[in-house]
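Only this structure's heavy atoms are used, side chains among them; waters, hydrogens and symmetry mates stay out. In listed order, ligands and their atoms are each counted from 1. Throughout, residue positions are numbered sequentially from 1 according to the sequence presented.
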Amino acid sequence: MLLEDLQNIEKQAAQALESAADPKALDDLRVKYLGKKGELTAILKQMGSLSAEERPKVGAFANEVRAAIENLIEQRSNALKAQMQEKKLAEEKLDVTLPGKAAPLGKSHPLNKVLDEIKEIFLGMGFSISEGPEVELDYYNFEALNIPKNHPARDTQDTFYIPDNVLLRTQTSPVQIRTMEKQRPPIRVIAPGRVYRSDAVDATHSPLFHQIEGLVVDKGVTMADLKGTLEMFVKRLYGEDSVVRFRPHHFPFTEPSAELDVQCFACHGEGCRLCKGEGWIEILGCGMVHPKVLSICGVDPEEYSGFAFGLGLERIVMRRYNIDDLRLFFENDVRFLGQF
Ligand code: DAH
């Protein structure tokens with residue numbers, strides 16, 4: 001009787017273990033057959049009713065059955081582990097031949113790239129960098145630069161006034177005044193920054209653009225220093241074979257004043273589309289600092305002299321990279337910005 005029961009338990013256990021799908025099911029079966037309240041234990045409990053000669057036989061057989069079931073559990077457990085490992089490996093399979101996913105790298109804005117180049121050129125000539133506020137007093141933007149109220153130069157630089165005497169600066173020239181107010185000569189600075197004018201937006205105009213101001217004040221500074229410095233700058237920026245010319249001009253805060261042109265690199269002065277038939281391209285305005293401006297800043301024009309210059313960054317960058325629409329600088333389209 002009991003021997004048969006034991007045989008049946010082994011058979012059932014073998015079948016059930018065959019289909020145990022995971023470690024949890026396996027453990028449940030271990031409890032069901034071998035646990036303290038399991039089927040095998042239940043049989044062993046009945047052994048008391050057996051005769052003295054039957055007992056050791058049944059006991060020995062029960063031990064065999066237990067060992068057989070334990071063995072089956074172990075086999076099944078190993079098989080399940082192997083299955084799981086295989087599944088995991090298949091899921092984690094890595095195709096090392098796939099192309100990598102490159103993280104998109106940021107780039108300098110073209111305006112900053114060229115600005116950095118220009119800064120580098122002037123720093124190399126002993127200049128340092130000066131800054132001033134973009135929200136400026138009328139006094140610094142106009143008055144102190146010898147542009148009094150009602151001066152016609154104000155019309156061409158019409159701007160955004162906040163109250164009457166505060167405005168968004170129309171040029172970086174006010175940094176000249178601020179620099180001379182807080183620093184005694186010798187002065188050698190450039191002042192790059194944003195400037196504002198109430199221009200309508202089109203391919204060549206923007207109410208916000210960038211200028212780079214320059215100022216040199218010392219004893220005995222002459223027009224020759226101005227020409228030498230700026231010609232050197234242009235050659236560093238556009239190449240040693242660049243040809244420049246100074247053309248007389250007028251600015252209220254310099255006397256004499258000039259504009260610097262560089263000979264068109266495309267046609268070498270013949271006249272072409274790039275230079276609009278001129279043969280020359282205007283780069284910057286410059287001149288000897290007006291004695292009135294020096295005096296206003298407490299610098300004695302009898303003792304000191306200086307030169308100043310101002311250039312527009314956007315135009316230089318547009319020419320450098322052949323960009324035909326200034327709005328591209330400010331739209332922040334990564335397809336445009338990624339090209340530089
Ligand atoms: N501030 C002038 C402008 O916006 C440019 C300029 C011309 C600056 C001559 C200068 C200079 O320092 O000397 O048109």
Do any side-chain atoms of residues 322-331 form donor-acceptor pairs under 3.5 angstrom with protein atoms, and if so which ones, sequence neighbours left out?
{"residue": "D325", "atom": "OD1", "partner": "R327", "partner atom": "N", "Å": "2.9"}
{"residue": "D325", "atom": "OD1", "partner": "R327", "partner atom": "NE", "Å": "3.0"}
{"residue": "D325", "atom": "OD2", "partner": "R327", "partner atom": "NE", "Å": "3.3"}
{"residue": "D325", "atom": "OD2", "partner": "R327", "partner atom": "NH2", "Å": "2.9"}

Salt bridge flag under 4.0 Å for residues D199 and R197: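 Looking at D199 and R197, the cut-off is not met.
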
NZ/NE/NH1/NH2 to OD/OE distance under 4.0 Å, R315 and E282: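 Salt bridge between R315 and E282, a charged N being under 4.0 Å from a carboxylate O: yes.
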
Show me a pair-per-line table, with atom names and distances to 0.1 Å, of protein N or O atoms that are under 3.5 Å from an N or O of ligand 1.
{"residue": "ligand 1", "atom": "1 (N)", "partner": "Q171", "partner atom": "OE1", "Å": "2.7"}
{"residue": "ligand 1", "atom": "1 (N)", "partner": "S173", "partner atom": "OG", "Å": "2.9"}
{"residue": "ligand 1", "atom": "4 (O)", "partner": "R197", "partner atom": "NH2", "Å": "2.9"}
{"residue": "ligand 1", "atom": "4 (O)", "partner": "Q211", "partner atom": "NE2", "Å": "2.9"}
{"residue": "ligand 1", "atom": "12 (O)", "partner": "Q176", "partner atom": "NE2", "Å": "3.0"}
{"residue": "ligand 1", "atom": "12 (O)", "partner": "E213", "partner atom": "OE2", "Å": "2.6"}
{"residue": "ligand 1", "atom": "12 (O)", "partner": "F309", "partner atom": "N", "Å": "3.3"}
{"residue": "ligand 1", "atom": "12 (O)", "partner": "F309", "partner atom": "O", "Å": "3.3"}
{"residue": "ligand 1", "atom": "13 (O)", "partner": "A308", "partner atom": "O", "Å": "3.2"}

Would you give me the side-chain donor-acceptor pairs under 3.5 Å for residues 55-70, sequence neighbours excluded?
{"residue": "R55", "atom": "NH2", "partner": "L50", "partner atom": "O", "Å": "3.2"}

Could you list the donor-acceptor pairs under 3.5 angstrom formed by side chains in residues 265-280, with sequence neighbours left out?
none

F340 and F336 aromatic ring geometry - parallel, tilted or perpendicular at 30°/60° bounds: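 Aromatic pair F336/F340 classed perpendicular.
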
